[in-house]
Each structure stands twice: as C-alpha cells, then as structure tokens.
There are 2 protein chains.
Amino acid sequence: MPSSKNAKTSKVAWRRRKDQREPEILAAARVVLEENGIANTSVAMIAARAGVSEATVYKYFDNKQDLINRVLVAWATPFVEVLEREIKLVKGIGGQLTLVAIRYLRGMQQTPRVHRLYYQELKWENYFGSPLHQINRRFSNIVVSVIRKGIDSGELKPDIDPLVTRDILFGGLEHIGQRTIFAGRPLDVEREASKLVSQILGGIRRTAGPDGGGDSITRLNEIISSLQLLRNDILKNR
Amino acid sequence: MPSSKNAKTSKVAWRRRKDQREPEILAAARVVLEENGIANTSVAMIAARAGVSEATVYKYFDNKQDLINRVLVAWATPFVEVLEREIKLVKGIGGQLTLVAIRYLRGMQQTPRVHRLYYQELKWENYFGSPLHQINRRFSNIVVSVIRKGIDSGELKPDIDPLVTRDILFGGLEHIGQRTIFAGRPLDVEREASKLVSQILGGIRRTAGPDGGGDSITRLNEIISSLQLLRNDILKNR
DNA sequence: ACAACAAATGAGCCGTACTTATTTATTTTT
DNA sequence: AAAAATAAATAAGTACGGCTCATTTGTTGT
C-alpha cells in the first residue's frame, strides 16, 4: 500500500464528505427503488446501499418522499433538456410530435421502473409548485408550443385547444406505455408512436383528406427525419 | 323499551353479525379513505368507524390493499353497469363517446376522492386478473366496442386501432379530470367532454370535412341526445 | 496541541400493518 | 334445558419502517 491516503482510510470509521453524500445517496436510492419499488424499499436499505447510516440520509433529505421526488427530478431533467434541444432539429409538426412520442415510449421501455415510481407512488400533497412539477411542466410545454405554433402557422385548425391536444397525446402515450410497464407486453416504439401521432394529427390538421389529412409523403418525411435523429443519437452513445 | 330484542342488545358486549360486517366495513372504509387518503388512513381508523375491532377487519379482508381494492370494485361496479345499459339508449358514435366522457368526468367531479385512490395508490403487484382489473376492463371495453362497431359500419376509418383510440380517449379524460382532482380547478363537464370527443372523432371519421368530419347537425344531435339522458337521470335521482 | 465545529452515527421513539391466544355469543346436541 | 361444540369477535402483542436526538468523532483553524 504505497498510498498514504489509502492507508489512512482504513483507520477511520467514517470520513467527512459533505458534497459527495447527496449525489451518492441519490444514485443509491434510484437503484434500490428501481429494484424493489417504493413500497418495498426502506430508507435503511437506501442508506446501506449508499454506505451511510440511516440518519445521514435524513441530514440531506427532508423525508422519504422528498428523496423520491429528487430521484425523479434528477432522472427527468436531462431527459427534458435533451428533448428541448432535439425538437428544434426536426421540422414539421408530425415529426416533432413523433419525436416526443418516441422519446417518451423509449424512456418507458428503457427505464420502466422509474416510470413506475411516477405512476404508482407520486404523492400529490405538496406536488404543485415543486421542482418535480416544474420539470414535468417543462416537458409538457414542449408539446403545447408545437401545437400553438401549428395553429399560428395555419397548419392546424384554429379552434382546437392546445392543452386538450397535449392531454390526448400524453394520455395515449401513458396508456400505451403502462401496458408495457405493468403487463410487460413488448413494445414497438416507432410503430406505436407514429400510429398514435398520425391518428391525433388527423383530428387537428386543417387540410383534411381521405387519409386523415395532409400529404402522406410529407408526413412520412417528417417521421423519417425524427427517426434518423434517434438513430444517430443511439449510434453516438456507444 | 318495549322491544325485547333491543333490551337484550344492551346487555352483551358484541353480537354475531357475520353477513353484515363486510358491507359495513367496506362502507366505513370508503368514508374514511375518502376523508384522509390512503396514506393517512390506518386500518384502526376504519375499524373504529365500522364499530369493530381491528382484528375483525382482518377476518373479512386479507390485508389493507385487499380492502382498498374491494372498496374500488364496490364503487366502480354499479357505475359500469349503469353505463353499459345507458350506452344502448344513445345512437351514433359521437353521442356514445360523449356519454362515456360525461359520465367519467362527472364521476371525477362528484367523487374526486375515490378517483384519487385509483391514481395515487393503485398497487399493480397483483392487479392483473384481479376483480378490480376486470371491472376496469369492462369499462374500457364499452369504448372499444363502440369504436369496433363504427369501423364495421364504415363510419370510421378502417385502418385505425380501436385500442389506441380508447387510450387516447381515456388519456385525455384522465388528464382533464386530474387537473380537477388534484389542482382543484373547476370543470365544465359537458363542454370538456364534447370538445374532447369531437376532436378525437375528427381524427377517425371516414368522411373528413373542413370542420373535422361529418355533418355538424348530426353530431350535435348525438351529443344532445346523450345530454338529455344525463339530465333525465339527474332528475330521476332526487 | 487544542479548541471549536459540524459530519456522521447508534440507539431509540412512535405509529401502523398484521398475528396470536383468548374470550364470548350463538348453535347444536342430548 | 343444560352442556358441549362452534365460530365471531377481540385484546394484547409482534415486527418493522419512518423519523429524531443525544453523542461520537473526523476535520479545521489558531
């Protein structure tokens, strides 16, 4: 053991590492929560995984719910930030909504346990105004802006309610995703996403035709563009 | 006290009432759960409200979750049965879907606390195949059959997926309703319901026109018919 | 070297889901 | 009609999880 630092480590019972504790506990919490679900996870289990005492967890987090909420915020924030950047790279309402749908369903497919935390156990007591509420709003606002711009540009019917349209989209996505999360059914993300979006678009597009509105080639191009974005991203992250 | 039965009652510490206990506990549970939410309701509180000991509750229900699920089933069953009968009295897809939407949102408006139980606290561990799952399926199947018949009759596009359409409808309804339940926003049921349904219909109707498809007079008549049904029902239940 | 500080903890409180051994109302038997 | 059998109901208790507090102990400034 040539390192004097490491030699020292073995002597002490614990070390002061104020700014490392919080992210470590957060990471441990996410792992344990994903493994067992909230109901079957005790704060003691999280503390053990993080290598600290239970009381230390309560030094950094107000209570179990606060800890859970901050796990969700830590997970959702980069997700939303990436999407906010990506959405600008796609043109056309169909492609943009498809991108949102794909990202959402992919997220559910890749981290189903985190989504379970959202749906099973989200407590609404002090939700509104909380950081978790804010990041969720940022996500939902991405869709609302797309719809609003579509109405302004004349591409979408002027009398539709952007919030209702957002509700329809997320509602459909949640139902599709929950079948996968809870029933464990396999999920063809791109197929389900484009199916859902095209059906919704059919109801709000201004120029309605026999196939649900719009030039089908144009629509296809938009969706292909969002799929390419996703593919490039997957290739990059290897 | 002329009644010998009642005189006898005051002497004994408790009485054997095997078949009354379960519905009484169920009713007490619903009241207490609605008042406090699941997290703030103990089995002891429910037992006290029902006028029995805590152990008695566990004689009739496997555990707390079982009790909660059976409260939800007891609440949902008549709701679904009424809707199954009513849906036959309305003709036209628009009217039928509007009826479902109105009933759903009304339910959320009138018993928001029960809906909270659904969304906040539903445990998915042993959900699939459970009585609660089955009654939920019966409800969702009402919508699926309406869509299927619409496709068969040629009124709806042949290539739409009835399940996706159902997901869109319930998704929209849940989002609208949850704003009311949790944020406490007021809700214009008929307005929101018909708005949502007409927007969804626009995406799946075969004969698409500039206003979203279909004869607007026909659509209006359908919705009026479902509203009349609701009004009559309200008048009857006084 | 030592005082002052604050990070971390161990031990324990409290509330609640669930169990058990026991009591007691009711039914059956004779 | 009394005693035996049965099962409804309970009181008392166990286990465990969220959370707290007094105390320990590593760290920092003088």
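Below, chains carry the letters A, B, ... as their sequence lines are ordered, and counting in each starts from 1. Just so it is clear, the structure is predicted and the values come from calculations on it, not from any experiment.
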Indicate, with a heavy-atom threshold strictly under 4.0 Å, whether A/Phe61 touches base, sugar-phosphate, or nothing.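 No contact.
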Need one value for A/Ser42: base, sugar-phosphate or nothing, where a base atom within 4.0 Å counts as base even if backbone is also close, heavy atoms only.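 The answer is sugar-phosphate, as A/Ser42 gets under 4.0 Å only of primed atoms, P, OP1 or OP2.
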Expressed in angstrom and rounded to an integer, what is the separation of [X] atom [atom1] from [N] atom [atom2]?
| X | N | atom1 | atom2 | value |
| --- | --- | --- | --- | --- |
| B/Gln65 | C/dC18 | CD | C1' | 15 Å |
| A/Ile46 | D/dG17 | CD1 | P | 12 Å |
| A/Glu22 | C/dA7 | CD | C1' | 14 Å |
| A/Tyr60 | D/dC19 | OH | P | 18 Å |
| A/Gln20 | C/dA6 | CD | P | 19 Å |
| B/Ile25 | D/dA8 | CD1 | P | 13 Å |
| A/Asn40 | D/dG18 | CG | P | 11 Å |
| B/Asn63 | C/dT19 | CG | C1' | 13 Å |

With a cut-off of less than 4.0 Å, is there a side-chain N or O of [X] near OP1 or OP2 of [N]?
| X | N | result |
| --- | --- | --- |
| B/Lys59 | D/dA9 | no |
| A/Arg15 | D/dT27 | yes |
| A/Tyr58 | C/dT9 | no |
| A/Thr56 | C/dA8 | no |

On DNA chain D, check which nucleotide each of B/Glu54 and B/Gly51 is closest to and give me the residue with the more 5' one.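 By nearest-heavy-atom nucleotide position, the 5'-most residue is B/Gly51.
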Out of D/dT10, C/dA8, D/dC21, which has the shortest distance to the side chain of B/Ser53?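 Within the option list, the nearest is D/dT10.
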A/Ala55 side-chain proximity, nearest of C/dG10, D/dC19, D/dT10: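 The answer is C/dG10, which lies nearest to the side chain.
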Hey, what do you get for CG (B/Leu196) to CZ (B/Phe170), rounding to the nearest 0.5 Å?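 Answer for the CG-CZ pair, B/Leu196 versus B/Phe170, is 11.0 Å.
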Around atom CG of B/Asp66, are there more than 12 heavy atoms from other residues, nucleotides or ligands closer than 6.0 Å?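 Atom CG in B/Asp66 is packed in, count exceeds 12.
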Within the supplied structure, the quantity of interest is the number of heavy atoms (other residues, nucleotides, ligands) at a distance under 6.0 Å from B/Arg191 CZ; does it exceed 12?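 Atom CZ in B/Arg191 is not packed in, count stays at 12 or less.
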Thinking salt bridges, do B/Glu81 and B/Arg85 make one under a 4.0 Å N-O criterion?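 Between B/Arg85 and B/Glu81 there is no salt bridge, as every charged N stays at least 4.0 Å from the carboxylate O atoms.
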Could you tell me whether the side chains of B/Gln109 and B/Arg106 share a donor-acceptor contact shorter than 3.5 Å?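 Checked: B/Gln109/B/Arg106 side chains pair up, N/O donor to acceptor below 3.5 Å.
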